[in-house]
Visitor: 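Sending over a structure as structure tokens; questions will come in a sec.
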Amino acid sequence: MEKGMVAMNEWIEKSKTYLWLPFTQMKDYEQHPLVIESGEGIFLTDVNGKTYYDGYSSLWLNVHGHRKKEIDDAIRAQLERIAHSTLLGAANIPAIALAEKLIEWTPSHLTRVFYSDSGAEAVEIALKIAFQYWRNIGEHKKQKFVTLTNGYHGDTVGAISVGAIDLFHTVYEPLMFTSYKAPFPLVYRHPSNDPNVVRDEALGALEALFAEHHEEIAAMIVEGMIQGAGGMHVMPKGYLKGVEQLCRQYNILFIVDEVATGFGRTGKRFAIEHEDVQPDIMTVAKGITGGYLPIAATLTTEAIYEAFYGDYTEFKTFFHGHSYTGNQLGCAAALANIQIFERERLIEQIEQKATFVAEQLASFNELNHVGDVRQLGLMCGIELVRDRRTHEPYPWTERMGYRTTLTMREKGMLTRPLGDVIVFMPPLASTFEQLGAMIAIMKEAIIETTEKRG
């Protein structure tokens, strides 16, 4: 027992000494360290032997739980053949098979798949494709992008240039290219509290922007139906379809970022299916491999692909690539992931689970310091406020969301907050009983933290 304790403490100390964790103030981590040793199903276990519910799907990635046999076996089988070979100028079998499956799974007019390693890279590729597309067809004035306020599309320089979260992005402004910001249709805190009014106002502002600047706009990028890192804000019904229609009207490419929302998270295969939207370019990542390996993809229409097709001397080639693009192990995991979706009819299960979660979360609206509960499928955000009647937020220095998630950790559940919005995004394979247990922990932690300190 003593040797085990020494080993546990050693890993924690080494993590403090050698690691620099993403989106983490390391001074906070040193006060509340956590080192994960293993996972099984929807649970994670740390080096001290404590087990937690994976309430955020290991950052919105995990689908079927940890150590899913079918995905484990697919990776092992592929490892017996080859782990990786380049996709630059040479295809491989898993990448071909996955591309075919992705084209089958996504909107009918998306016909080409360009691989990368992460959601941010998929977005960078989408931006570069959209920019070069117009140049390849002789439209050199179209160089600008439109994004939504409070949008998030990753952390590379291009991705933050079409992002709009001040806390994340302001410090890097000298590095960023300028993009137009259109208002997100945020219902919470709008004076009308009417989704239709908010939707129409936002679409009106977007059309005014397009009318004035469409000749210089290459593309608009939006997250599918719900903003993730921006606070789990759900678009009012009809807004996403309205954006698509305006892009068509003003000859602007429409990019939908499904990195967080794809592969069942919102109760559909992809969030665009909620409104039968057909993007020109779509990005996917996160759940594509079931949360196992870093694979991402940017899908385009055939018309966009054809704009890059020609003799080398025409200089239409898309000069972009990553070392591990189309990695065989990742593609094998992704294929196994999709097969599980189809065999287990997982999308139908998610719709039922989402209804159950909505019923369970309804009682949160009665809590003194819950201002809003937002949900689309199994993507949920609970916004904590000082005064729910006036929507007065907590001072950011109180870090109520962070403190609440620490209380949740003590009670056996892991998640990360978005400011004072508590994220609940469990693995899609979570049972009704497990969903109920996680929601109970959240509620208990919110009451304990906000009532004691709020």
Visitor: Looking at Lys16 and Glu13, does any basic side-chain N land under 4.0 Å from a carboxylate oxygen?
Guide: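 Salt bridge present between Lys16 and Glu13.
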Visitor: Partners of Asp166 by salt bridge (Lys or Arg N to Asp or Glu O under 4.0 Å), sequence neighbours excluded?
Guide: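 For Asp166 there are no salt bridge (Lys or Arg N to Asp or Glu O under 4.0 Å) partners, ignoring immediate neighbours.
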Visitor: Please say whether more than 12 non-hydrogen atoms of neighbouring residues, nucleotides or ligands are located less than 6.0 Å from NZ in Lys237.
Guide: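 No, NZ of Lys237 has 12 or fewer neighbouring heavy atoms, counting only those of other groups under 6.0 Å.
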Visitor: Would you please classify the geometry between the Phe43 ring and the Tyr53 ring as parallel, tilted or perpendicular, with 30° and 60° separating the classes?
Guide: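 Tyr53 vs Phe43 ring planes: tilted.
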Visitor: Give a yes or no on whether Arg345 atom CZ has more than 12 heavy-atom contacts from other residues, nucleotides or ligands under 6.0 Å away.
Guide: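 Counting neighbours around CZ of Arg345, 12 or fewer heavy atoms of other residues, nucleotides or ligands fall under 6.0 Å, so no.
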Visitor: Determine whether the side chains of Thr301 and Asp280 contain a donor N or O and an acceptor N or O closer than 3.5 Å.
Guide: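 No, because no side-chain N or O of Thr301 sits under 3.5 Å from a partner of the opposite role on Asp280.
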Visitor: Strictly below 4.0 Å, N to O, side chains only: are Glu215 and Lys141 in salt-bridge contact?
Guide: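 Looking at Glu215 and Lys141, the cut-off is met.
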Visitor: One thing to verify: whether Arg388 and Glu383 come together as a salt bridge, which I'm taking to mean a side-chain N less than 4.0 angstrom from a carboxylate O.
Guide: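 Salt bridge between Glu383 and Arg388, a charged N being under 4.0 Å from a carboxylate O: no.
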Visitor: CZ of Phe23: more than 12 outside heavy atoms within 6.0 angstrom?
Guide: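 Atom CZ in Phe23 is packed in, count exceeds 12.
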Visitor: Under a plain distance cut-off of 3.5 Å, with no hydrogens placed, do His64 and His66 share a side-chain donor-acceptor pair?
Guide: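 Per modelled atom types, His66 and His64 side chains form no pair under 3.5 Å.
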Visitor: Give a yes or no on whether a salt bridge exists between Glu124 and Lys128, defined as a side-chain N under 4.0 angstrom from a carboxylate O.
Guide: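 Looking at Glu124 and Lys128, the cut-off is not met.
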Visitor: Quick one, Tyr394 with Thr450, criterion side-chain hydrogen bond (donor to acceptor under 3.5 Å, both in side chains). Give me CA distance, side-chain angles, the key distance, then yes/no.
Guide: CA-CA 10 Å; Tyr394 283 102; Thr450 61; 4.8 Å; no
Visitor: Parallel, tilted or perpendicular: which one describes the rings of His320 and Phe318, with boundaries at 30° and 60°?
Guide: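 Geometry flag for Phe318 against His320: parallel rings.
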Visitor: Please indicate whether Glu433 has more than 12 foreign heavy atoms, meaning atoms of other residues, nucleotides or ligands, lying under 6.0 Å from its CD.
Guide: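 Counting other residues, nucleotides and ligands, CD of Glu433 stays at 12 neighbours or fewer.
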Visitor: Salt-bridged, Glu212 to Lys144, with N to O below 4.0 Å?
Guide: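 Judged by the 4.0 Å cut-off on N to carboxylate O distance, Glu212 and Lys144 do not form a salt bridge.
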Visitor: Counting neighbours of OH on Tyr172 that are heavy atoms of other residues, nucleotides or ligands and sit closer than 6.0 Å, is the number greater than 12?
Guide: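 No - once you tally the heavy atoms of other residues, nucleotides and ligands closer than 6.0 Å, there are 12 at most.
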Visitor: Quick one, Leu148 and Gln227 - any side-chain contact, counting heavy atoms below 4.5 Å?
Guide: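 Side-chain contact under 4.5 Å: yes.
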Visitor: Is a salt bridge present between Glu258 and Lys268, judged by a nitrogen-to-oxygen distance below 4.0 Å?
Guide: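 So Glu258 does not pair with Lys268 through a salt bridge.
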